[in-house]
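Please read the structure below before turning to the comments.
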Amino acid sequence: QVQLEETGGGLVQAGGSLRLSCAASGRTAGTNAMAWFRQGPGKEREFAAAIKWSAGSTEYADSVKGRFTISRDNAKKTVFLQMNSLKPEDTAVYYCAATERYLGPFSSIWRQRGQYNYWGQGTQVTVSS
């Protein structure tokens, strides 16, 4: 089992920045990739960003590309989401996810919630206008 714990959420004004962290613990040796998803009020949970754990290559949803950056610290088993130029529509609960599956090159399957084995509890991000 892998446990994921997100931190760093909060309230920020539009145009501001926040940095989310997700610390992984437990049997992390088999982790192939990690991702951030988000779920806004009344919306379905959607993909935001992903990172291949060994290679460090990244993938982003169009809605966050150019504003968000996903990165990882292998030694600390932690993944980060730096969020800049935040907009009110970024308001959501942000979830960290991990997968032991090999998903291959970045494609639409990376954006599917069902591909991820483990999930954190989520952290609230609220962007005021």
Side-chain angles (χ1 to χ4, degrees):
Q1 291 287 331
V2 174
Q3 293 78 45
L4 303 174
E5 182 177 7
E6 305 100 332
T7 56
L11 173 64
V12 64
Q13 289 187 334
S17 298
L18 278 176
R19 188 192 197 207
L20 305 183
S21 299
C22 174
S25 60
R27 295 186 175 184
T28 61
T31 300
N32 279 321
M34 295 184 71
W36 289 95
F37 284 72
R38 65 184 186 179
Q39 187 166 12
K43 299 180 180 179
E44 292 190 356
R45 194 173 300 187
E46 64 176 8
F47 171 83
I51 187 166
K52 296 184 180 181
W53 195 251
S54 58
S57 47
T58 57
E59 176 77 345
Y60 297 93
D62 289 344
S63 58
V64 308
K65 196 175 296 183
R67 300 187 299 122
F68 291 11
T69 302
I70 188 171
S71 61
R72 87 258 190 260
D73 183 326
N74 286 19
K76 295 182 179 180
K77 300 179 183 178
T78 300
V79 65
F80 305 98
L81 187 67
Q82 178 66 43
M83 305 185 293
N84 299 329
S85 303
L86 283 162
K87 306 174 182 179
E89 50 264 44
D90 294 318
T91 294
V93 177
Y94 283 71
Y95 295 91
C96 177
T99 183
E100 296 171 333
R101 298 172 179 165
Y102 174 70
L103 301 182
F106 285 122
S107 68
S108 60
I109 66 170
W110 282 80
R111 300 164 186 252
Q112 298 171 358
R113 290 173 289 173
Q115 301 296 336
Y116 295 85
N117 308 85
Y118 304 104
W119 293 84
Q121 293 299 308
T123 185
Q124 176 70 46
V125 171
T126 302
V127 184
S128 62
S129 57

Handout entry: Single-linkage hydrophobic cluster, 4.5 Å side-chain cutoff, Val64 and Leu86 together
Key = yes
Handout entry: Joint hydrophobic cluster, Leu11 plus Leu18, side-chain heavy atoms closer than 4.5 Å
Key = no
Tell me the disulfide (SG to SG under 2.5 Å) pairs involving [range], sequence neighbours left out?
range	value
residues 66-95	none
residues 32-88	none
residues 52-129	Cys22-Cys96
residues 23-86	none

Give every residue pair that meets the side-chain hydrogen bond (donor to acceptor under 3.5 Å, both in side chains) criterion with at least one member in [range], sequence neighbours excluded.
range	result
residues 83-94	Ser17-Asn84, Arg38-Asp90, Arg38-Tyr94, Arg67-Asp90, Gln82-Asn84
residues 1-14	none
residues 23-35	Thr28-Lys77

Handout entry: Side-chain donor or acceptor of Trp110 paired with backbone N/O of Ile51 under 3.5 Å
Key = no
Handout entry: Pair listing, ring pair (Phe, Tyr, Trp, His ring centres under 6.0 Å) test, anchored in residues 18-68, at least two apart
Key = Phe37-Phe47, Phe37-Tyr116, Phe37-Trp119
Considering only distance and modelled atom types, tabulate donor-acceptor pairs under 3.5 Å from the side chains of residues 122-129, sequence neighbours left out.
residue : atom : partner : partner atom : Å
Thr123  : OG1  : Gly9    : N            : 3.2
Gln124  : NE2  : Ala92   : O            : 3.4
Gln124  : NE2  : Thr126  : OG1          : 3.3

Let me confirm one number: the [atom1]-[atom2] distance from [X] to [Y], rounded to the nearest 0.5 Å.
X	Y	atom1	atom2	answer
Thr69	Phe80	OG1	CZ	13.0 Å
Arg111	Leu103	CZ	CG	12.5 Å
Ile70	Leu81	CD1	CG	6.0 Å
Tyr95	Gln39	OH	CD	5.0 Å

Exercise for the section: Applying side chain to side chain contact (heavy atoms under 4.5 Å, CB included), name anything that partners Ser108, two or more places apart in sequence or on another chain. Expected result: none
Exercise for the section: Please name all residues satisfying salt bridge (Lys or Arg N to Asp or Glu O under 4.0 Å) with Lys76, sequence neighbours left out, ordered by chain then number. Expected result: none
Exercise for the section: Output all residues satisfying salt bridge (Lys or Arg N to Asp or Glu O under 4.0 Å) with Arg113, sequence neighbours left out; order by chain, then residue number. Expected result: none
Completion exercise
Nearest heavy-atom contact between Arg101 and Thr99 is N-OG1, 3.1 Å
Problem - Heavy-atom side-chain proximity of Leu4 to Met34 below 4.5 angstrom - result: yes
